[in-house]
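First the proteins, then the strands, lettered A, B, ... as listed; each starts at 1.
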Number of protein chains: 2
Amino acid sequence: MTETQIKIIEAAEVEFAKNGFNGASIRDITSAAGVNVAAINYHFGNKDDLVREVVRYRIEPINLTRIQLLQDEYAKRKGNAIPLKRVIEIIIRPLFEALMSESCDDFHFMKVMAKGLGEENSVLQSLHDDILKDVISRFSKAIGHSLGTEDPRTIGYCMHLISSSVLGSMMQHKRLKLSSQGTADLEDVEGLIAHVVTFITGGIKAVSVMNR
Amino acid sequence: MTETQIKIIEAAEVEFAKNGFNGASIRDITSAAGVNVAAINYHFGNKDDLVREVVRYRIEPINLTRIQLLQDEYAKRKGNAIPLKRVIEIIIRPLFEALMSESCDDFHFMKVMAKGLGEENSVLQSLHDDILKDVISRFSKAIGHSLGTEDPRTIGYCMHLISSSVLGSMMQHKRLKLSSQGTADLEDVEGLIAHVVTFITGGIKAVSVMNR
DNA sequence: GTTTGATTCAAACAATCGTTTTAAACAGAT
DNA sequence: ATCTGTTTAAAACGATTGTTTGAATCAAAC
């Protein structure tokens, strides 16, 4: 990964977040990155491949962390079920901490991911399956284990509701300050994680009880 | 509202849902609607104004229903607090029933709204505030009432988590079938409403307890 | 039957899109 | 110093974008 490629990826992240994948032009990105227009096609092939690289660049370390934490937790408990809240936290924390870190000071990538996953027939659709398939399968099992169920419909709905909440809260994050009438601090990662984890855990438990 | 305008709005809804606001071109929309390219600019001024009309066309009746149901419920209870689950259902049901009705057979508008709300600096941003301000204010009060709190931070986080879940589940709806390994029926509106309402209610209660 | 105003049409507008091309600049190895 | 392979530069490519134009079409009013 050369210096130019990284400059492009990080500029693309910002531009994609501002205007979406279709809205951000190659010229927007290259001029923001301070490189030539042809650089994207030279280094990444085409725009779609750049999109893929931008996502992969951010999301792969996050998913590796998630899987590692899940394995650690299982090892600690000698394979016994992990409390639901802890599983949810393992899903949420690496994502939010990474995306709200110093390097991307306006949560650009949050919006990039959210928009990408929302676009149908998008280049991200296939990538999403590639990148998330493994992590979804692992956490489906873990959550079923925590809830003491193997009913695929219940687990499926739970996974769906979890990813929906995560996706939504990523997209809506900027609006949190408005919703709370200025009382919520957008930079308060711990506060956000605590609320989202508590919310999802409570919701999942309710759904689990309903389907029992 | 002439016949042509309605044809355009309903075709635009489909095209926007498929490719997003930037992705759907004027020519895509007009040819799908069976009208001339110039019709959009003639009837709506420009593309941005069309976007606004598409959203307003769907969302206003939904919000009127929500407000009516809330008032009815308060009248029935002579102004006493409404159970949280009922408030959540009043938020969810009119939206999901309208958006999953026969007229838009592939939940197009779900995706339109979700994408629109996710776009920053978009034409929907201001519209969102205009259209949703009243309904948000009313339901903030109702939820605070149900939870027995007036803490703006708690209520704000709750509203944020509710809208996040709704937004996310709208965007992810197509993926529900995958998540549940084919066991969830995408057409099962009642099932979806039941799960989402239960999930959100459980989540909000947990957050409320946490902040007590 | 003619006129009027509203609507539709094909065609063209300038601007921008993603991409390609060709040459220049650069590095390190021989 | 010359060659080699990689990276950058400016310019242009055809296609498509949102929008505008001016004539054609239509229904209703007089």
Arg27(B) CZ - dC13(C) C1' separation (whole Å): 11 Å
Touch class at under 4.0 angstrom, heavy-atom based, for Ala38(B) against every strand present: base
Residue met sooner reading DNA chain C from 5', once Asn36(A) and Ser25(A) are mapped to nucleotides: Ser25(A)
Plane angle bin for His173(A) and His160(B) - parallel if under 30°, tilted between 30 and 60°, otherwise perpendicular: perpendicular
Phosphate OP1/OP2 of dA6(C): any His43(B) side-chain N/O under 4.0 Å: no
Minimum side-chain heavy-atom gap Ile8(A)-Thr30(A) below 4.5 Å: no
Interatomic distance where CG belongs to Asn22(A) and P belongs to dT16(C) [whole Å]: 18 Å
d(CG, Asp49(B); C1', dG18(D)) in whole Å: 13 Å
Tyr57(A) versus Glu13(A), side-chain donor and acceptor atoms under 3.5 Å: no
Euclidean distance, atom NZ of residue Lys7(B) to atom P of dT7(C) [Å, nearest integer]: 14 Å
Note, Arg52(B) side chain near Phe44(B) side chain (heavy atom, < 4.5 Å): no
Length of the line joining Ile6(A):CD1 and dT7(D):C1', which is rounded to integer Å: 16 Å
Distance in angstrom units between Glu3(A) CD and dT8(D) P, rounded: 9 Å
Protein-nucleotide distance (Ile29(B), atom CD1; dT16(D), atom C1'), rounded to Å: 15 Å
Tyr42(B) side chain, from C-beta outward: closest of dG18(D), dT19(C), dT8(C): dT8(C)
Upstream residue (5' side of DNA chain D) when Gly34(A) and Ile26(B) are each assigned their closest nucleotide: Gly34(A)
Nearest-neighbour nucleotide for the Thr4(B) side chain, dT19(C), dT8(C), dG18(D) considered: dT8(C)
Aromatic plane relationship, Phe199(B) with Phe199(A) - under 30° parallel, 30 to 60° tilted, over 60° perpendicular: perpendicular
Nucleotide dT16(C), atom P - distance to NZ of Lys47(A) in whole Å: 15 Å
Closest to side chain of Asn41(B), choosing from dT19(C), dT7(D), dT19(D): dT19(D)
